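Okay, structure first, notes after.
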Amino acid sequence: LYVFDQQLIQSMKVQSTTTQQDGRFLISDYDYKSTNIEKNGDKYIAKPQITSFKFKTDTRIPKVGVMLVGWGGNNGTTLTGGILANKFNITWNSKGGTHQPNFYGSLTQSSVIKIGTCNTEEVFVPFKDVLPMVNPCDIVFGGWDISSMNLADAMSRAQVVEYDLQQKLRPYLEKLVPLPSIYYPDFIAANQGDRADNVIPGDNKLEHLNIIRKNIADFKQQNNLDKVILLWTANTERFCVEDPNIHGTAERLLQSIESSHPEISASTIFACAACLEGCSFINGSPQNTIVPGVIELAEKAGVFVAGDDFKTGQTKFKTCLVEYLVGAGIKPKAIISYNHLGNNDGKNLSQESCFKSKERSKKTCVDDILESNKVLYPTEEELNIDHTIVIKYCPETGDSKKAMDEYIAEIFLGGRQTFAVYNVCEDSLLAAPLIMDLLLLCELFERIQFSKDASEYQRFDTVLSWLSYLMKAPKSESGITTINSLSRQRAMLENLVKVCAGLTIDDNLRLEVRYG
Ligand code: NAD
């Protein structure tokens with residue numbers, strides 16, 4: 001079933017003594033340069049060191065299936081329709097003319113990586129061409145929704161995609177109907193009840209888990225897939241009341257499902273089903289789906305979990321702007337973020353319990369950036385800046401979310417600098433390409449192993465924090481600090497694929513053009 005795409009590998013060939021192709025594996029040696037810091041009284045002793053790593057990438061491209069929870073929502077329909085438009089090169093007309101499909105907004109498909117210098121010119125290639133990656137147009141989509149609408153009608157309901165494109169996609173999408181899903185009304189807003197006409201009956205949570213597991217196994221078998229990835233893009237749930245006795249270990253979690261404990265959310269059932277079926281699970285909403293018991297299940301199954309909450313517009317900008325200010329030695333003192341939106345996500349967030357989940361993930365996104373600078377923030381108290389999040393549901397706005405942010409910073413000699421940022425865009429047109437990146441990168445990372453000092457190869461940690469560039473509140477492996485800075489998150493991803501391909505990481509000194 002695996003397709004080895006020679007073309008992809010040949011679009012850029014690395015000639016180096018530290019990189020070899022061993023059958024289907026690409027193996028690269030990498031000398032990791034880091035600095036170990038010791039504290040001596042009030043002084044730091046810095047000891048630079050080099051550790052030898054090997055990275056081994058399986059270059060076979062698998063046939064991948066993706067199951068979306070919330071397939072009939074704005075993100076689910078925009079992603080599925082957008083990929084089909086690209087796959088069949090469907091053009092559409094608006095009053096502005098004829099439009100071609102593209103993958104703008106996708107890190108893997110539409111951004112580039114510098115691979116080196118040709119004479120004095122820098123050379124860039126698409127991100128997706130550095131390592132063999134799945135073509136998004138080859139992904140088989142499936143999934144669940146509590147609403148029974150087929151994807152063509154659901155796309156019309158979403159009001160995201162241009163009318164003419166909706167019409168052209170209709171023949172493809174009307175055949176796609178979400179599977180019935182698990183619906184625990186207590187976890188999402190009461191106002192969602194009127195669309196819940198496609199639910200798995202009963203309140204036995206173990207039976208629900210088993211049905212979802214069977215759905216995954218059937219989907220894999222019927223579509224002849226090598227692997228399946230699950231992604232939650234359903235409504236934001238309230239946080240479950242986390243308790244080590246209920247969620248703390250894999251065993252307790254499964255017992256709690258068996259006893260249909262009220263604090264087991266639908267999203268956690270999906271995460272468990274994914275792990276038990278050997279599939280990685282990505283959480284695109286802010287709630288605490290990935291409880292410790294899920295992580296243990298994933299670890300045992302050798303799959304990844306990643307979360308939480310897609311980092312699309314406002315938060316991406318926020319982590320950039322705050323990084324710029326703090327990096328420039330300017331002290332942010334207040335961030336006030338207003339949003340108003342009129343899509344179903346906004347409707348769901350108008351219930352306080354669901355809003356609280358969102359508020360939490362939106363608020364933590366600059367913490368580590370502020371904490372890193374003890375010159376600006378010498379005390380805990382000063383770190384406690386005014387960071388306010390307001391979200392209002394305004395149906396007239398549709399999916400065209402308005403985000404208004406005011407940043408107030410302290411500059412030289414007690415002066416003030418204020419930024420007012422107004423961001424308008426279709427939320428799902430940002431989220432869909434980002435979801436695609438999450439899936440493609442998660443799949444790629446399932447094919448990478450690494451080893452230190454010639455010891456045995458191991459896979460990445462179960463909690464895939466490599467994907468943090470795409471997540472508002474990135475989940476990290478225990479004991480590892482979360483990094484929110486967008487430029488560091490992107491550099492991390494770019495450097496990883498370069499290292500795996502045997503390319504040199506760029507330190508931006510550009511000595512090859514400066515010397516001589
Ligand atoms: P949406 O409301 O249009 O879609 C969610 C879908 O999930 C709906 O069709 C709903 O019927 C379905 N659903 C609800 N509970 C379900 C369940 N238990 N099982 C299966 N389906 C269920 O919302 P959206 O705009 O597509 O956003 C989806 C999620 O992504 C939201 O939680 C949102 O907060 C999150 N998110 C979106 C963005 C963005 O930019 N669009 C950014 C970050 C996070």
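Since this is a predicted model, take the numbers as computed values, not measurements. When a ligand or atom number is given, it counts from 1 through the structure's own listing order. For this chain, numbers begin at 1 and follow the sequence in order.
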Ignoring angles and geometry beyond distance, decide whether [X] reaches within less than 3.5 Å of ligand 1 through its nitrogen or oxygen atoms.
{"X": "Q192", "value": "no"}
{"X": "G73", "value": "yes"}
{"X": "R195", "value": "yes"}

(message) Checking contacts here: is it the side chain or the backbone of N344 that comes within 4.0 Å of ligand 1, counting heavy atoms only? Could be both or neither.
(response) both
(request) Please state which part of K311 comes within less than 4.0 Å of ligand 1, counting heavy atoms only: side chain, backbone, both or neither. (result) neither
To check your reading of the model: name the closest protein heavy atom to [atom], its residue, and the distance in Å.
{"atom": "atom 17 (C) of ligand 1", "value": "I182 O, 3.5 Å"}
{"atom": "atom 20 (C) of ligand 1", "value": "S181 OG, 3.0 Å"}
{"atom": "atom 22 (C) of ligand 1", "value": "A234 CB, 3.5 Å"}
{"atom": "atom 11 (O) of ligand 1", "value": "D145 OD1, 2.6 Å"}
{"atom": "atom 23 (O) of ligand 1", "value": "D345 CB, 3.9 Å"}
{"atom": "atom 43 (C) of ligand 1", "value": "F310 O, 3.2 Å"}
{"atom": "atom 28 (C) of ligand 1", "value": "T233 O, 3.0 Å"}

(message) Testing the 3.5 Å rule here: is there a donor-acceptor pair between the side chains of W232 and T289?
(response) no
(request) Before accepting this row, confirm whether a basic side-chain N of the pair D186/R238 lies closer than 4.0 Å to the acidic partner's carboxylate O. (result) yes
(request) Tell me whether the guanidinium CZ or amine NZ of K168 lies under 6.0 angstrom from the six-membered ring centre of F88 and within 45° of its axis. (result) no
(message) I want to check a possible cation-pi pair here: R459 against F445, using under 6.0 Å from ring centre and within 45° of the ring axis as the test.
(response) no
(request) Identify which of T315, N75, T236 has a heavy atom lying nearest to atom 37 (C) of ligand 1. (result) N75
